[in-house]
Amino acid sequence: MLNFQYYNPTNYVFGKGQIEQLTKLVPAGAKILLAYGGGSIFKNGIHKQVTDALEGFEIIEFGGIEPNPHYETLMKAVAVIKEQNIDFILAVGGGSVIDGVKFISGAVHYDGDPAEILRKRILITDTTKVIPFGTVLTLPATGSEMNSGAVVTIAETQEKLAFGGSALFPKFSICDPTVIESLPKRQLENGVVDAYTHVLEQYLTYPHEGYLQDRISEGILQTLIEVGPKVVADPKDYALASNFMWSCTMALNGLIQKGVPNDWATHMIGHELTAMYGIDHARTLAIVGPNLYQALFETKKEKLAQYGRRIFNLTGTDDAVAQEAIAHTVQFFHTMGMDTKLSDYVKDYDNTAAIIVKRFEERGWLGLGERQNVTLDKVKEIVEKSY
Ligand code: NZQ
Ligand code: ZN
């Protein structure tokens, strides 16, 4: 197994009714920026639950953080924090609001142009230079509630860029599975596929000595296959909702990536499709992932075969099982309501591969993936296979 440090300071507060705990979790006397998205929290009652729980605290509200949050919007929140002397941020939302708050947290005291955090991928590690924040998760999917990474879009240049650092873990995250009752079907489907792909990014690499990491990953995959279609059909079922929510967190809270190789090329290519065409994050993964496994088949096939045998009970040679495992993955994505071709979403896609390759070249991303063998040629091949 590879050496590792596993650091995760987020206080994860799980279960029905736990939003009430806010009053104990937010530092006493803090002046709070309550950050949220497009307003779903007003319709489903979460805003009321949050403000009731925070009675007595001084709260300034900042709404309008869009899906795939924009740098331009977030900089307005940075200005509010400076003007109002805010000392704690509460993110109430899905991955976009939480990621947006991570950026705001790091940008307020950033010494320089905050766009550098994104463009130069500055690691935010000094806890004395961030505004502390907590979250109330409303959409299980990204794991952002228990990790220190985030993705922000610079709308002006259509760039969707990842950043993070150890100072950007939430202080706490309240994860009440009943919040999913108001989620549109599409977002439930997205959540399952995003979390599933997070596991595959950390699992579908090459055989290694992280036996426990593999078994935990396989447990998350099996749980998502078991509860995914059912939770979309019945988000009010608490057993399904709680297993869905916990699986999404466990898929990307750092645990399964420690001591083992990691891929993440599907995400890097997928982010470009969101930046260029506005396709939902999870749906970009369903488009790219299976084609990446095909393009990288020779170097991934041993792990694909393990995945096929252990998750789908397939039998046969490594080659045959690995191929069938990819087909089963596509089938699962279809079951989860995903279209898996770029042409299902976009009419004019002929130049997509060339544009992505150019962007990666400019950023110096010449070899992604667990073996750095997702070269620009491979990126081109993967994107073209996705058409
Ligand atoms: O904005 P509101 O009105 O709240 O509506 C949202 C939004 O339209 C709605 N929604 C959220 N909770 C709801 C609800 N509607 C009804 N009831 C509820 N309880 O859902 C829509 C989508 O929300 P969003 O936050 O964008 O979705 P998600 O959680 O999937 O986050 C996606 C973002 O996270 C990034 C993605 O790239 C994307 O920008 N990711 C973050 C990661 C991380 N920090 O570790 C990892 C991921 O791979 C991902 O890249
Ligand atoms: Zn993702």
Side-chain angles (χ1 to χ4, degrees), residues 10 19 34-47 49-50 62-71 73-74 91-103 118 135-153 155 159-165 168-170 173 175-202 235-236 241 244-245 248-249 251-254 257 262-275 278-286 288-289:
T10 300
I19 292 176
L34 194 172
Y36 61 90
S40 68
I41 63 166
F42 292 98
K43 291 185 204 137
N44 57 21
I46 295 172
H47 178 270
Q49 284 185 60
V50 166
F62 184 88
I65 298 178
E66 52 283 275
N68 310 303
H70 291 177
Y71 163 79
T73 306
L74 304 172
V92 184
S96 294
V97 173
I98 299 174
D99 282 10
V101 163
K102 287 177 182 174
F103 179 79
L118 306 173
T135 88
V136 174
L137 181 68
T138 68
L139 197 178
T142 62
S144 190
E145 66 279 5
M146 202 179 182
N147 69 40
S148 62
V151 197
V152 163
T153 297
E159 292 170 283
K160 189 173 185 204
L161 300 166
F163 67 100
L168 292 181
F169 282 98
S173 281
C175 298
D176 175 344
T178 65
V179 299
I180 75 160
E181 291 177 9
S182 60
L183 275 171
K185 187 167 174 270
R186 185 177 114 205
Q187 297 300 342
L188 291 161
E189 292 168 343
N190 285 351
V192 173
V193 170
D194 191 21
Y196 195 89
T197 308
H198 291 161
V199 178
L200 294 185
E201 295 271 28
Q202 300 160 91
K236 292 200 162 86
F244 168 44
M245 187 173 254
C248 291
T249 301
L252 196 48
N253 65 0
Q257 68 185 213
N262 277 247
D263 182 346
W264 296 108
T266 296
H267 270 69
M268 291 329 215
I269 299 171
H271 289 333
E272 297 305 319
L273 298 182
T274 302
I279 303 170
D280 290 355
H281 170 64
R283 285 165 205 264
T284 69
L285 307 176
V288 176

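Counting starts at 1 for both ligands and their atoms, following the listed order. All values below come from the heavy atoms of this structure, side chains included, with hydrogens, waters and symmetry mates left out. No experiment lies behind these values; they were computed from the predicted model shown.
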Polar contacts were defined as any N/O atom of the residue lying under 3.5 Å from an N/O atom of the ligand; does this apply to [X] and ligand 1?
X: Gly39; value: yes
X: Ala141; value: no
X: His198; value: yes
X: Gly95; value: yes
X: Gly149; value: yes

Original post:
Strictly by modelled atom types, are Glu145 and Thr249 linked by a side-chain donor-acceptor pair under 3.5 Å?
Top reply: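 There is such a pair between these side chains.
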Original post:
Are a donor atom and an acceptor atom from the side chains of Ser144 and Lys102 found within less than 3.5 Å of each other?
Top reply: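 Result is yes, a qualifying pair exists.
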Just jot down the ligand 1 atoms closer than 4.0 angstrom to any heavy atom of [X], in number order.
X: His267; value: 48 (O)
X: Ser182; value: 16 (C), 17 (N), 18 (C), 19 (N)
X: Ser144; value: 43 (C), 44 (N)
X: Asn147; value: 43 (C), 44 (N), 45 (O)
X: His271; value: 37 (O), 50 (O)
X: Leu252; value: 45 (O), 46 (C)
X: Val179; value: 19 (N)
X: Asp99; value: 34 (O), 35 (C), 40 (N), 41 (C), 42 (C), 43 (C), 44 (N)

Touching ligand 1 at all, [X]? Heavy atoms, strictly under 4.0 Å?
X: Gly93; answer: no
X: Asn190; answer: no
X: Lys160; answer: yes

Subject >> Chi angles and distances behind the side-chain contact (heavy atoms from CB on, under 4.5 Å) call for Val151, Lys160 >> reply: CA-CA 7 Å; Val151 197; Lys160 189 173 185 204; 3.6 Å; yes
Considering non-hydrogen atoms of the protein only, which is the closest contact for [atom], and what is the distance?
atom: atom 7 (C) of ligand 1; value: Pro67 CG, 4.0 Å
atom: atom 2 (P) of ligand 1; value: Gly38 N, 3.3 Å
atom: atom 6 (C) of ligand 1; value: Ser40 OG, 4.5 Å
atom: atom 26 (O) of ligand 1; value: Ser96 OG, 2.5 Å
atom: atom 38 (C) of ligand 1; value: Asn68 OD1, 3.4 Å
atom: atom 34 (O) of ligand 1; value: Thr142 CG2, 3.3 Å
atom: atom 49 (C) of ligand 1; value: His281 NE2, 3.3 Å

Original post:
Between Ile41 and ligand 1, which part of the residue brings a heavy atom under 4.0 Å of the ligand: side chain, backbone, both or neither?
Top reply: neither
Subject >> ligand 1 contact on Thr138 by region, counting heavy-atom pairs under 4.0 Å >> reply: both
Original post:
If you look at Asp194, which of its N/O/S atoms is nearest to the Zn ion (ligand 2)?
Top reply: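 So the atom name we want here is OD1.
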Subject >> Atom nearest to the Zn ion (ligand 2) - His267, N, O or S atoms considered >> reply: NE2
Is there a side-chain contact between [X] and [Y] (heavy atoms, below 4.5 Å)?
X: Thr142; Y: Ile98; answer: no
X: Val152; Y: Leu74; answer: yes
X: Phe62; Y: Thr73; answer: yes
X: Val97; Y: Val92; answer: no
X: Val101; Y: Thr135; answer: no
X: Tyr71; Y: Leu161; answer: no
X: Pro177; Y: Met245; answer: yes
X: Arg283; Y: Leu273; answer: no

**OP:** Compare Asp194, Leu183, Thr284, Leu139 and give the one whose heavy atom is closest to atom 13 (C) of ligand 1.
**Re:** Leu183
**OP:** Could you tell me whether the side chain of Thr153 and the main chain of His70 form a donor-acceptor pair under 3.5 Å?
**Re:**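 Absent.
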Subject >> Ring geometry between His281 and His198 (parallel below 30°, tilted from 30 to 60°, perpendicular above 60°) >> reply: tilted
In this structure, which one of [options] forms a side chain to side chain contact (heavy atoms under 4.5 Å, CB included) with [X]?
X: Ile180; options: Thr138, Leu137, Leu188; answer: Leu188
X: Leu183; options: Asn190, Leu139, Asn44; answer: Leu139
X: Gln257; options: Val199, Leu252, Asn147; answer: Leu252

**OP:** Please calculate the NE2(His198)-the Zn ion (ligand 2)-NE2(His281) angle and round it to 10 degrees.
**Re:**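 NE2 of His198, the Zn ion (ligand 2) and NE2 of His281 span an angle of about 170°.
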Subject >> Worked verdict on Leu285 versus His267 for side-chain contact (heavy atoms from CB on, under 4.5 Å) >> reply: CA-CA 7 Å; Leu285 307 176; His267 270 69; 3.5 Å; yes
Original post:
Is atom 36 (C) of ligand 1 in close reach of the protein, with a heavy atom under 4.0 Å away?
Top reply: yes
